Amino acid sequence: MGITLRGLVAILIFLFGFQLDAKAETETKLRLGNDLLLEKYSHLIDGKRVGLITNQTGVNSEGKRMIDVLHEYPSAELAAIYAPEHGVDGKAKAGEYVESYIDPTLSLPVFSLYGKTRMPTDDMLEGIDVLLFDIQDIGARTYTYISTLNYSMIAAQKKRVPLVVLDRPNPLGGEIVDGPVLEDPYKSFVGIDTLPMAHGMTVGELAQFFNRSIGTELIVVPMEGYSRTMLFQDTGLPWIPTSPNIPDLKSVMGYMATGLGEGTGIVQRDKFSWIGGKGVPSNRYAELLNSAGLPGVHFIPEDMGDQGGVRIEVTDPYTFNPAKSGIYALAYAQQLTRFEVPTSGKTTVMFDKIMGTNKIGQYLKQGLSPQQIEASYAQALIDFKEEREKYLIYPSEPSAPQVQKVILDGGVVRDKKSYVPIQTVLTQLGYTVEYDPASRKISAIKPDKKVVFDESYNPMPVWVNGVLIPADIDPFMEKGIAYMPARFVPWLEKSKQQTVGNVVQITTADLEIQVKLPRPPAPQPKPKAIKPTAGKVAYLTFDDGPSGLTGQVLDILKEHQVKATFFVIGKNIKGHEQQLKRMNAEGHVVAGHTFSHNYNKIYHNVEGFFQDLNEGNKTIERVIGVKPAFFRFPGGSNNSVSKNAQDPNLYGKNQWVMNDIVKESMKRGLTYFDWNVSLGDASPTGYTPESALQRVKEGAKNKKEVVVLSHDTATKLNTVKALPSIIQLLKDEGFTFRTLDTGVEGFTFLK
């Protein structure tokens, strides 16, 4: 019995569509936070008046200004623009006063945060529902854009306006952390917090660090495809000059290496590519610096007018340490010239503000070597690195190359050997598969290979590039489907093949194909040596996904053989369909969490809530074929945000829309769940893996049944880090794990 042409076409159409989904799922191109705002995080701004803190660097990966993107976006209103030092176009000189004005094209106010005020005033924030920050930083503590971020967070907290950071790369990467750590008495606009000279953090990570002492409602929209080892040149993005003296990456690299000598007479030239001063012997200066063994840099002696100095040539940007190089350059210049070191008195001199301490000036006066100066702040650096771990978003190591995973049905077992469908597997491996009804031959073709199966015989003979292969490779036809032995794939393609349980795994450098075989009869369960305490049940729940971290969550649950309940947002499903399918396939429960998660929309009135919930549930059902049996309210059924969102024409001071929504849920026979234990991973003040574990430990104490609230979004890496320990803790306390169902009672805040 042969393959019909219609059947083959149907198979190929299915596979082509599957491949498109897989490609979208595994593409690893770097995407900025602003690229993802409208695609995955539009609920943060939908229906709101938006204030945008930005300048000429605030463009997406396609080069379009976020000012224009937001101005054209129909679901939100760009109401005001806020500009840092150098102005919204980045052309004002360093330290130059910048005026506020009305943009003549957009008719929008452009408020200067480097003029009469450096912090947004209440008047500037009047009528603003949410603030966005989208500015490219250069990785140095003294660069004032991060100070503007800090001040804006303080203003947002006072005004109770959420602040959203659209994250961007640190152009120096996330691994170089060096230089003196700022001390509290020396905080200023060129040193806003207790950071070292080179902090190795993105603006999103810095915002989380700042927020430990500010407490604003902060949301970071993280990048996708970014790791700490990446420098800006690895992103594939064009560099946009961040200020007049930082026109290119060469200036970014040289900023800290040449620009630390404020007030000493040791100065930078040529946009941070040269350092020197009067009386500096260029050759001797270069000799000292080159002999110090500073990584990734070479110093070339060069006089500039009546000044001697060196031009820096970065030979390896991945090992070059600009902050360390800057300290060494100053110390050696002091040894050669004994320049006058500025000293703070009643007022703090700029030199000490730049250093973040007065100690470096004292050490230079004492003639300490650069190595001695470096040793003086080594412990402070260690302490900072330990503290900053709590606020990092991106992995410390580069992510392993992403392997596209494709799960297929249709494998069979014959004579204890595993066989896989020819068309589906070879198509995934890049072959074009065709069937000729006249000759009854199946051809699989790649540029360098042609495989022919002759369906006229059973088992089918096989030719590879015209050569008949050994007869022990025994493809066959069954019910119109052509099969080949799984062990034939490594013979054809560079790959590994193994059968694990009821799954054939075929793995190449960038592809893992899993072909399901019929399940063998389930073995009889063995009695457990230790039975958990009767009645102690834990329901792990994850809100807001799916996200870029969902795969890691599922891997951990699989490793620990635990099932969970995922309350997913409908609009977040696009691009994450495979994760949703995996949840369902691996026995987890997928439930509703509305489509938009937009509080202003869903809690405006009763009908609006159920329309949004139904839209989200339909999206889930389209992907996994199962309609959610229950849901969770965004923020919980007792959330206070709904009081601000409810329709004032329907609800007065002593009325609450949530009471009506809960009653309507009961009328419609809908079940919802809140929780009685939380990781605290939605706290605006941040959290750590340790604090999350402690919250669960305290929350589960003396309880026999717990519903544990956690979140599945791209910013919740600490939740992923804490999850194995949380699972083990609950197991040690005698809990078994189950998924929620409509029969579970007692976990609702409102009735």
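Treat the numbers as computed from the prediction; the structure is a model and nothing was measured. Computation of the quantities below employed the complete heavy-atom set of this structure, encompassing side-chain atoms and omitting hydrogens, waters and symmetry-equivalent molecules.
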Main-chain N/O of Glu615 paired to Thr619 side chain as donor or acceptor, under 3.5 Å: yes

Test item: side-chain donor near acceptor, Thr499 and Ser418, under 3.5 Å: yes

Worked check of salt bridge (charged side-chain N to carboxylate O under 4.0 Å, His left out) between Glu205 and Arg228: CA-CA 12 Å; Glu205 292 170 332; Arg228 313 204 71 74; 2.6 Å; yes

Side-chain donor/acceptor of Thr541 to backbone N/O of Val708, under 3.5 Å: yes

Flag, side chain of Thr736 to backbone of Val537, donor-acceptor distance under 3.5 Å: no

Ser443 side chain reached by Asp436 side chain, heavy atoms, under 4.5 Å: no

In a table with atom names and distances, give each donor-acceptor pair under 3.5 Å that connects a side chain of residues 548-562 to protein atoms at least two apart or in another chain.
{"unit_1": "Thr550", "atom_1": "OG1", "unit_2": "Ser547", "atom_2": "N", "d": "2.7"}
{"unit_1": "Thr550", "atom_1": "OG1", "unit_2": "Ser547", "atom_2": "O", "d": "3.1"}
{"unit_1": "Thr550", "atom_1": "OG1", "unit_2": "Asp712", "atom_2": "OD1", "d": "3.2"}
{"unit_1": "Thr550", "atom_1": "OG1", "unit_2": "Asp712", "atom_2": "OD2", "d": "2.6"}
{"unit_1": "Asp555", "atom_1": "OD1", "unit_2": "Arg582", "atom_2": "NH1", "d": "3.0"}
{"unit_1": "Asp555", "atom_1": "OD1", "unit_2": "Arg582", "atom_2": "NH2", "d": "2.6"}

Geometric cation-pi criterion Arg738 and Tyr539, 6.0 Å radius, 45° cone: no

Test item: Asp316 side-chain N/O and Tyr318 main-chain N/O as donor-acceptor pair under 3.5 Å: yes

Phe631/Phe633 aromatic ring centres below 6.0 Å: yes

Atom NZ of Lys450: over 12 foreign heavy atoms under 6.0 Å: no

side-chain hydrogen bond (donor to acceptor under 3.5 Å, both in side chains) between Asp732 and Gln728, worked out: CA-CA 6 Å; Asp732 292 344; Gln728 191 58 52; 2.9 Å; yes

Pairwise distance CD1(Ile393) to CG(Leu717) - rounded to 0.5 angstrom: 9.0 Å

Residues that Phe476 engages under ring pair (Phe, Tyr, Trp, His ring centres under 6.0 Å), provided they are two or more places apart: Tyr419, Tyr483

Set of residues satisfying ring pair (Phe, Tyr, Trp, His ring centres under 6.0 Å) with respect to Trp463, sequence neighbours excluded: none

side-chain hydrogen bond (donor to acceptor under 3.5 Å, both in side chains) assessment of Glu577 paired with Gln579: CA-CA 5 Å; Glu577 290 86 355; Gln579 284 98 323; over 6 Å; no

Test side-chain hydrogen bond (donor to acceptor under 3.5 Å, both in side chains) applied to Gln423 and Tyr431, step by step: CA-CA 9 Å; Gln423 288 86 352; Tyr431 288 83; over 6 Å; no

Salt bridge present between Glu733 and Lys704 (N-O < 4.0 angstrom): no

Donor-acceptor contact present, side-chain Asp681 to main-chain Thr719, <3.5 Å: no

From CA spacing to verdict: salt bridge (charged side-chain N to carboxylate O under 4.0 Å, His left out), Lys601, Asp46: CA-CA 9 Å; Lys601 180 179 180 180; Asp46 283 346; over 6 Å; no

Heavy-atom side-chain contact between Gln497 and Phe488 under 4.5 Å: no

Proximity of Phe747 and Trp675 rings by center, below 6.0 Å: no

Validation row: Asn465, Val451 side chains within 4.5 angstrom (heavy atoms): no

Lys496 and Glu512 ion-paired at < 4.0 Å: no

Plane angle bin for His593 and His597 - parallel if under 30°, tilted between 30 and 60°, otherwise perpendicular: tilted

Any donor-acceptor pair under 3.5 Å from Tyr394 side chain to Met223 backbone: yes

Residues that His588 engages under ring pair (Phe, Tyr, Trp, His ring centres under 6.0 Å), provided they are two or more places apart: Phe566

Distance, nearest 0.5 Å, that separates CG of Asp612 from OG1 of Thr594: 5.0 Å

Flag if over 12 foreign heavy atoms under 6.0 Å of CG, Asp448: yes

Salt-bridge contact Lys716-Asp544 (side-chain N to carboxylate O under 4.0 Å): no

Validation row: Met484, Ile473 side chains within 4.5 angstrom (heavy atoms): no

Minimum side-chain heavy-atom gap Leu426-Phe453 below 4.5 Å: yes

Heavy-atom check, side chain of Asn572 versus side chain of Val568, under 4.5 Å: no

Least distance between heavy atoms, Tyr226 atom then Asn170 atom: OH-N, 3.4 Å

More than 12 heavy atoms from other groups under 6.0 Å of NZ on Lys574: no

Name each donor-acceptor pair under 3.5 Å that joins a side chain in residues 32-40 to protein atoms two or more places apart or in another chain, with its distance.
{"unit_1": "Asn34", "atom_1": "ND2", "unit_2": "Val59", "atom_2": "O", "d": "3.0"}
{"unit_1": "Asn34", "atom_1": "ND2", "unit_2": "Asp134", "atom_2": "OD2", "d": "3.0"}
{"unit_1": "Asp35", "atom_1": "OD1", "unit_2": "Ser61", "atom_2": "N", "d": "3.1"}
{"unit_1": "Asp35", "atom_1": "OD1", "unit_2": "Ser61", "atom_2": "OG", "d": "3.1"}
{"unit_1": "Asp35", "atom_1": "OD2", "unit_2": "Leu32", "atom_2": "N", "d": "2.9"}
{"unit_1": "Asp35", "atom_1": "OD2", "unit_2": "Ser61", "atom_2": "OG", "d": "3.0"}
{"unit_1": "Glu39", "atom_1": "OE1", "unit_2": "Arg31", "atom_2": "NH1", "d": "3.2"}
{"unit_1": "Glu39", "atom_1": "OE1", "unit_2": "Arg31", "atom_2": "NH2", "d": "2.6"}
{"unit_1": "Glu39", "atom_1": "OE2", "unit_2": "Arg31", "atom_2": "NH1", "d": "3.2"}
{"unit_1": "Lys40", "atom_1": "NZ", "unit_2": "Glu224", "atom_2": "OE2", "d": "2.7"}

Set of side-chain hydrogen bond (donor to acceptor under 3.5 Å, both in side chains) partners for Asn60, sequence neighbours left out: none

Greater than 12 external heavy atoms within 6.0 Å of Lys449's NZ: yes

Short side-chain donor-acceptor distance under 3.5 Å, Lys441 and Ser456: no

Atom NZ of Lys516 with >12 non-hydrogen neighbours under 6.0 angstrom: no

Phe673 ring center within less than 6.0 Å of Phe630 ring center: yes

NZ/Lys563: more than 12 non-hydrogen atoms of other groups inside 6.0 Å: yes

Member of Met477, Glu455, Met460 meeting the side-chain contact (heavy atoms from CB on, under 4.5 Å) criterion with Arg440: Glu455

Electrostatic pair Arg414:Glu478 at N-O distance under 4.0 angstrom: yes

Asn676 side chain vs Val707 backbone, donor-acceptor pair below 3.5 Å: yes

Short side-chain to backbone donor-acceptor contact, Thr427 and Thr424, under 3.5 Å: no

Side-chain (Asn614) to main-chain (Gln611) donor-acceptor, under 3.5 angstrom: no

Verdict with reasoning, Glu690 to Lys697, per salt bridge (charged side-chain N to carboxylate O under 4.0 Å, His left out): CA-CA 11 Å; Glu690 294 76 19; Lys697 183 176 182 179; over 6 Å; no

